[in-house]
Amino acid sequence: MKLTKVRVQNYRSVEDSGEFEVGDLTCLVGKNEAGKTALLSAMRGLKPSQPFEFDEPIDYPRRFSTRFDDRHEDGTAEVIRTWWRLEAADLAAVEKRFGAGVLKGDTFQAHFGFRYEDDSRIWVIDVDSAKVLENMLTKHALDATERNVLHGVADGPGADKALSGLAERTPKQEALLQDIKKCRDSSFSKGVIDVLSARQPKFFFTSHFERMSGMVSIQKLQQDKQNKTVSVGDQIFLAFLEYAGTTLEELLEADRRETLKATCEAASNEITEEIFQFWSQNNALEVAIDIDSGKAKDPAPFNTGTVAEIRIKNNNHKATLPLSERSAGFVWFFSFLAQFKQLRKTPGNGNAIILLDEPGLTLHGKAQGDLLRYIVERLLPDHQVIFTTHSPFMVPMDRLADVRIVEDVVIEKPGKRPEVKGTKVRSDVLEVNDDTLFPLQAALGYEITQSLFIGANTLLVEGASDIIYLQVLSQALRKRGRDGLSEKWTICPVGGIDKIAPFVRLFGGNKLNVAVLSDMAKGEVGKIDKLRRSDIMKAGQFFTVADFVAQSEADVEDLFDPELFVAMLNGAYAPPKSHLVTVDSLDKADQATPRSVKKAEALFKLMPAEVPEFDHFGPARWLMRNPDALDGDSAAVKATLDRFENVVQTYNKLLA
């Protein structure tokens with residue numbers, strides 16, 4: 001069965017969360033103190049896999065604690081209400097016990113809260129009791145005479161009463177009666193609930209605070225177990241021992257200590273190997289376990305008895321450190337897997353719903369991405385997962401429909417006390433404030449920077465006009481059956497020579513094939529030489545426009561024949577006839593530089609006021625709108641196409 005919807009009420013900061021849908025994966029995003037942990041704790045209380053109980057004095061909303069009876073006339077306060085959808089195996093289990101057609105639908109509700117009688121969970125499910133009784137009569141093959149006593153009876157208690165009231169019962173009637181009595185209180189509805197309750201997933205909860213103890217006194221842990229005062233860290237250690245297939249008692253057997261140490265190390269190695277399938281931070285770590293007698297100079301209780309110590313070995317540095325002194329992120333990941341693997345090993349928990357409170361909070365951003373991948377690839381095939389986060393790196397950007405926004409709503413009223421609504425859960429991100437939305441905004445921004453204009457083969461250029469020139473000229477070349485820039489290249493503008501190195505460093509981890517086409521200015525010669533010599537660029541993948549024209553300085557515009565570039569300027573800016581641009585006027589505008597754009601900048605400063613100022617994008621925009629300017633066979637067009645073809649052929653040879 002699958003959990004499909006949840007509503008939390010009357011729990012800590014949650015007055016009423018409202019109903020919200022859950023799927024295989026549900027991510028609850030919100031800022032600190034929004035109530036995310038309270039939501040998970042409330043869900044956990046319905047059917048916990050670990051010891052857990054609601055504590056009314058602590059968990060009931062404090063501001064309403066003196067008004068419980070006024071707020072809840074029936075004497076109970078619902079905390080958690082859940083909606084479930086039955087799957088084929090669940091329906092088959094019911095039919096096996098009660099026959100076909102006894103359920104009127106494939107959904108039900110279950111709820112629980114404060115002061116529920118006998119701490120019982122309430123189920124709301126539509127059972128056709130008359131159909132159950134008919135199926136049982138058929139199953140036990142009662143004849144018409146034997147059935148007569150049940151005339152007008154349509155439920156289990158009524159059938160129990162009628163059959164029990166007989167002075168004598170036939171064997172078939174007795175078998176039917178005993179079958180009915182197998183149902184709790186002879187209720188067919190309760191009988192169906194008991195069948196389904198055994199199949200209902202439990203809720204397994206863990207948070208980023210829960211990490212395995214690095215050193216454990218076996219004798220003290222035995223005492224704590226007896227006194228039911230085991231710490232969270234020690235509880236995870238116990239789960240690890242259970243997964244390894246041993247016990248505290250066995251660890252005390254000195255003659256078997258080496259064998260048990262090997263058993264524990266085998267289990268830890270298995271967990272570590274799985275971590276490294278998803279852990280990109282450091283693959284040189286391994287877990288070592290030492291089981292020995294306490295040392296007199298160690299602090300109590302580790303100075304006597306048997307002590308188990310877990311250490312992390314770094315094979316790169318040939319050193320081991322106690323678990324508590326290693327990366328908190330790695331320790332949490334190891335601890336979580338130890339709990340999870342024991343959960344899977346425990347009967348009845350194979351389909352548990354996993355509740356993760358701020359998982360991986362101490363992990364590096366990339367490692368959080370690794371954890372998210374682990375959740376999707378390892379947990380989701382067998383478990384529903386609900387987790388909270390305020391980290392943008394834990395937001396599943398490819399599953400935004402699974403994100404729910406959590407907000408502690410307080411409505412400010414001028415001149416009046418604020419109206420406190422408590423924790424609310426919404427799927428509509430437009431209804432929440434910027435602070436709450438920040439993780440989603442940050443995740444979206446990060447995702448865009450990782451994907452916008454970026455491809456496996458990325459050609460970096462300085463500006464948007466360079467993209468237009470390369471695309472328009474490539475199209476013109478292809479029209480003539482010549483080579484255009486391969487569509488495998490993704491052209492990305494970086495905004496200048498100074499942005500190239502940061503870009504390559506930022507996205508180098510994506511294993512991109514990066515090439516560069518840069519302008520060449522006199523003041524940037526040193527920067528370009530430094531980039532060419534650096535280890536961030538592949539050798540031979542950095543070119544300037546000057547490499548393709550006979551000039552010491554050059555921009556992309558210098559690939560155009562001067563006559564064609566002049567025609568583009570006149571078309572883009574439409575100067576009056578008295579100021580039409582010519583090759584001669586362009587050349588004389590600034591004789592100190594060979595760069596066409598610098599000459600154009602100087603020339604347009606002398607234009608009449610009605611002529612727009614020159615900008616790099618103007619000629620590119622005009623050419624994009626007038627690509628037929630490249631259709632002719634003039635010497636200027638042919639020379640331009642030849643230069644651009646040389647450029648695109650050079651870069652096409654660099655494709656990965």
Side-chain angles (χ1 to χ4, degrees), residues 450-521 524-525 527-561 564-565 594-596 620 623-624 627 630 636-656:
Q450 294 293 316
S451 60
L452 188 62
F453 301 129
I454 310 251
N457 298 285
T458 300
L459 173 57
L460 302 184
V461 296
E462 293 204 13
S465 58
D466 299 349
I467 298 177
I468 293 174
Y469 288 139
L470 286 170
Q471 290 178 336
V472 174
L473 268 297
S474 290
Q475 183 179 4
L477 286 165
R478 291 192 190 99
K479 285 174 66 175
R480 297 172 183 253
R482 300 170 69 174
D483 292 333
L485 188 68
S486 172
E487 294 183 357
K488 292 182 179 180
W489 282 112
T490 299
I491 311 175
C492 176
V494 293
I497 190 70
D498 293 325
K499 305 287 180 57
I500 292 173
F503 179 96
V504 176
R505 289 193 178 97
L506 181 61
F507 295 102
N510 291 359
K511 296 182 173 58
L512 304 181
N513 176 36
V514 179
V516 177
L517 176 62
S518 170
D519 295 340
M520 182 65 160
E524 295 175 340
V525 173
K527 296 178 183 178
I528 290 172
D529 287 343
K530 184 178 179 180
L531 270 173
R532 280 176 163 159
R533 292 194 305 268
S534 71
D535 59 0
I536 65 169
M537 291 294 304
K538 287 183 182 178
Q541 302 219 152
F542 191 113
F543 296 93
T544 70
V545 178
D547 295 322
F548 301 97
V549 296
Q551 295 177 196
S552 58
E553 299 177 66
D555 305 283
V556 172
E557 289 81 356
D558 292 305
L559 292 170
F560 289 91
D561 185 90
L564 180 56
F565 187 61
R595 299 165 65 190
S596 295
L623 186 62
M624 181 172 60
L630 302 172
V637 169
K638 289 181 178 180
T640 299
L641 291 175
D642 288 343
R643 291 194 191 99
F644 271 95
E645 186 175 37
N646 184 23
V647 171
V648 300
Q649 287 176 341
T650 299
Y651 284 98
N652 286 348
K653 292 177 183 178
L654 302 178
L655 284 169

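From a predicted model like this one, the values you see are computed outputs, not experimental measurements.
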| said: With a 3.5 Å distance limit and no angle check, can you tell me whether Tyr469 reaches the backbone of Glu557 through a side-chain donor-acceptor pair? | reply: no
| field | Derivation of the side-chain contact (heavy atoms from CB on, under 4.5 Å) call for Leu470 and Leu459 | value | CA-CA 11 Å; Leu470 286 170; Leu459 173 57; 4.1 Å; yes
| request: Without swapping roles, check the side chain of Ser474 against the backbone of Leu485 for a donor-acceptor pair under 3.5 Å. | output: yes
| query | Can you name the residues that form a side-chain contact (heavy atoms from CB on, under 4.5 Å) with Ala554, not counting sequence neighbours? | reply | Val545, Ala546, Val549, Gln551, Asp558
| said: Less than 4.5 Å apart, side chain to side chain, heavy atoms only: is that true for Asp466 and Leu517? | reply: no
| Is any side-chain heavy atom of Asp519 closer than 4.5 Å to a side-chain heavy atom of Val556? | yes
| query | Gln541 side chain to Val514 main-chain N or O, any donor-acceptor pair under 3.5 Å? | reply | yes
| query | Is any side-chain heavy atom of Val637 closer than 4.5 Å to a side-chain heavy atom of Asp561? | reply | no
| field | Residues that Asp483 engages under side chain to side chain donor-acceptor pair (under 3.5 Å), provided they are two or more places apart | value | Gln649
| request: Could you tell me whether the side chain of Trp489 and the main chain of Tyr651 form a donor-acceptor pair under 3.5 Å? | output: yes
| request: Fit a plane to each ring of Phe543 and Phe548, take the angle between them on a 0 to 90° scale, and name the class: parallel (under 30°), tilted (30 to 60°) or perpendicular (over 60°). | output: tilted
| query | Is a side-chain donor or acceptor of Arg595 paired with a backbone partner of Glu553 at a separation under 3.5 angstrom? | reply | no
| said: With heavy-atom distances below 4.5 Å as the criterion, would you say the side chains of Leu473 and Val648 are in contact? | reply: no
| Does Phe644 have any ring-ring contact (aromatic ring centres under 6.0 Å, His included) partners at least two apart in sequence or in another chain, and if so, which? | Phe560
| request: Measure the shortest side-chain to side-chain distance between Gln471 and Ile467 over non-hydrogen atoms and say whether it is less than 4.5 angstrom. | output: yes
| message | Could you go through Asp642 and Arg482, starting from their C-alpha distance and side-chain angles, then the distance that decides it, and tell me whether this counts as side-chain contact (heavy atoms from CB on, under 4.5 Å)? | response | CA-CA 10 Å; Asp642 288 343; Arg482 300 170 69 174; 2.6 Å; yes
| Counting distance only, does the side-chain N/O of Asn457 pair as donor-acceptor with the main-chain N or O of Leu655 below 3.5 Å? | no
